[in-house]
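Structure first, commentary second.
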Amino acid sequence: MFRALADCNNFYASCERALDPSLVGVPIVVLSNNDGCVVARSAESKALGIPMGAPYFQVRRLCEAHGIRVFSSNFSVYGEFSERVMSVLTEHARDIEAYSIDEAFLGFPDMPDADARALGLRIREDVLRRTGIPVSLGMGATKVLCKLANERAKSDKASGGVIVVPSDAAGREAFLRGLPVGSVWGVGPGLAARMRAHAILTAADLATADASLVRRFAGVVGERLALELRGVACHEIVEEASQRKSVMVTRSFGRPVSDSSELEEAVAAHAARAAEKLRQEGLMASAVIVLLRTDKHRPEAPQHRVDESEPLEPPTDDARAVCSAASRALARSRRDGVQYKKAGVLLLGLLPSASAQMTLPGLTPGADPGRERLMKAVDALNARLGRDAVRLASTGFERKWKAKSEMRSEAAKEAEGEAPTAPAKAPKPRIRFHE
DNA sequence: TCTGGGGTCCTAGGACCC
DNA sequence: TCTGGGGTCCTAGGACCC
């Protein structure tokens, strides 16, 4: 089976550019939540030396000096672009797994090597024409090989955005030779160091190493990587979204927060948002964990990090139940006078709403007939009038703790409101997002 | 010197990813 | 002054069981 990884180039920056064609050729940077770090750069910004992940305050002057256009991120808009890209991709492959917001694995059974490149170029062309987003394709026998090929497709201008790893051993090895082992997908700094200690320096070294030996010092994870590199697929393309295991909502504050009512408000807001995600996906949660973090970049200030859990009995997707449980956990974990930098809510023990009701007779959340109708009404109103048009009072109105997002593009703000009139879309692919 | 041998389930923490 | 957010998988170790 031939596989491919289609990965959007500089995805968030490309979205901003697709919305505003006057940005073509202009260096662009997109910032993370809270306008903290650089999370996307156009090719021009990369060439100007803006590093990925750099804290914005460190590169601000460089941006100003070169006229780089800087944008706060607008994830709901990027999510819509993602759906369009995915729906085009589904037309080209039998199997598709949307792996993240900007990349998808594709499966092509029974395709000869000779046809791969032409197909890759066609896909690239079609996605660009219909969505305005440039993608690169890496093709090969396994996901790990596709990933490496994709990286090269991005860096090698002569590739035309498509690289195919040959399926014969000699061609594969030639491709892997010289690639540092740390550049292999799944080999982080820790594994890379262990590999090097065993004289495995390149991807080719790992591909030809004895698998059981690799297993001894790098575990099953390392063994699978070695097999994938020699063309033995250990990671299939997964089309059905597996049921997710947790829902997390965390945000840094715009400034340090110690005031208890502000913390209450922030935690309630995150809890309500998490419950909303549950309802969107037809899930109930059995426990909530509240996270508090101080600023680790200020070691001189009192530090405190805590994950405090509280059961949800019975399992629920009701914003009120989640908020009050979160509030109890917060009350136990918060320390007076400590300045927190971040708060979050994690929901665990997820199960489908239907099964939650079936397996808990007498305790069914649906036993409160008003509950479900109320939450449905809230969701419907917010869908029509905008997020938080209707909300729990405990989630606050001032929201002084809110993160910064001062540089959203006008184009993205407009696009955000126009969902119903967005360009006609193919039916939504049934895919998962890791956001 | 020597301490049974499997199992399962749960949790915490590490590692990695986008 | 200013440093993101949201996930998954694996492993080790403890509790408990036959």
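The chains referred to below are lettered A, B, ... by the order of the sequence lines, with proteins before strands, and numbering in each begins at 1.
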*Along DNA chain C (nearest heavy atom to each residue), the more 5'-positioned of Q243(A) and H297(A)*: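 Its nearest nucleotide lies further toward 5', so the answer is H297(A).
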*asked:* Please compare S32(A) and V221(A) by the position of their nearest nucleotide in DNA chain C and report the one closer to 5'.
replied: S32(A)
Rounded to whole angstroms, how far apart are [atom1] on [X] and [atom2] on [N]?
X: W185(A); N: dC9(C); atom1: CH2; atom2: P; answer: 12 Å
X: K404(A); N: dT1(C); atom1: NZ; atom2: C1'; answer: 8 Å
X: L350(A); N: dG7(C); atom1: CG; atom2: C1'; answer: 12 Å
X: H270(A); N: dG4(C); atom1: NE2; atom2: P; answer: 14 Å
X: M52(A); N: dG5(C); atom1: CE; atom2: P; answer: 15 Å
X: N34(A); N: dT1(C); atom1: CG; atom2: P; answer: 17 Å
X: L31(A); N: dC2(C); atom1: CG; atom2: P; answer: 16 Å
X: D35(A); N: dG5(C); atom1: CG; atom2: C1'; answer: 14 Å

*Is a side-chain N or O of R391(A) found less than 3.5 angstrom from the main chain of R387(A), in a donor-acceptor match?*
no
If you check the [X] side chain, which of [options] turns out closest?
X: E103(A); options: dC18(B), dG7(C), dG4(C); answer: dC18(B)
X: L191(A); options: dG6(C), dG4(C), dC16(B); answer: dC16(B)
X: M248(A); options: dG6(C), dC2(C), dC17(B); answer: dG6(C)
X: V220(A); options: dG6(C), dG4(C), dT11(C); answer: dT11(C)
X: P189(A); options: dC16(B), dC10(C), dG5(C); answer: dC16(B)
X: K245(A); options: dG7(C), dC9(C), dC16(B); answer: dC9(C)
X: S246(A); options: dT8(C), dG5(C), dC18(B); answer: dT8(C)
X: F57(A); options: dC2(C), dC18(B), dG7(C); answer: dC2(C)
X: R224(A); options: dC10(C), dG7(C), dG4(C); answer: dC10(C)
X: T250(A); options: dG5(C), dT8(C), dT3(C); answer: dG5(C)

Under 4.0 Å, heavy atoms only, any strand: does [X] hit a base, just the sugar-phosphate, or nothing?
X: L346(A); answer: nothing
X: R194(A); answer: nothing
X: V59(A); answer: nothing
X: K296(A); answer: nothing
X: S73(A); answer: nothing
X: D102(A); answer: sugar-phosphate
X: R251(A); answer: sugar-phosphate

*asked:* Which label fits W185(A) and F105(A): parallel for a plane angle under 30°, tilted from 30 to 60°, or perpendicular past 60°?
replied: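 Taking F105(A) first and then W185(A), their aromatic rings sit tilted (interplane angle of 30° to 60°).
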*Which word best sums up how the rings of F75(A) and Y12(A) line up, parallel for under 30°, tilted for 30 to 60°, or perpendicular for over 60°?*
perpendicular
_Minimum side-chain heavy-atom gap T250(A)-H270(A) below 4.5 Å_ = no
*asked:* Which residue in the set E103(A), E228(A), E97(A) passes salt bridge (charged side-chain N to carboxylate O under 4.0 Å, His left out) when paired with K143(A)?
replied: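 Exactly one option meets the salt bridge (charged side-chain N to carboxylate O under 4.0 Å, His left out) with K143(A), and it is E97(A).
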_Watson-Crick or G-U wobble mate for dC18(C), both contacts under 3.5 Å_ =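 The base-pairing partner of dC18(C), which may sit in any strand shown, is dG5(B).
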*Tell me, please, whether F81(A) has R84(A) positioned over its six-membered ring: NZ or CZ under 6.0 Å from the ring centre and within 45 degrees of its axis?*
yes
*Nearest 0.5 Å, what's the OH-OG distance between Y340(A) and S258(A)?*
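The distance works out to 9.5 Å.
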*May I ask you to evaluate whether K143(A) reaches the phosphate of dC17(B), defined as a side-chain N or O under 4.0 Å from OP1 or OP2?*
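For dC17(B), neither OP1 nor OP2 has a side-chain N or O of K143(A) closer than 4.0 Å.
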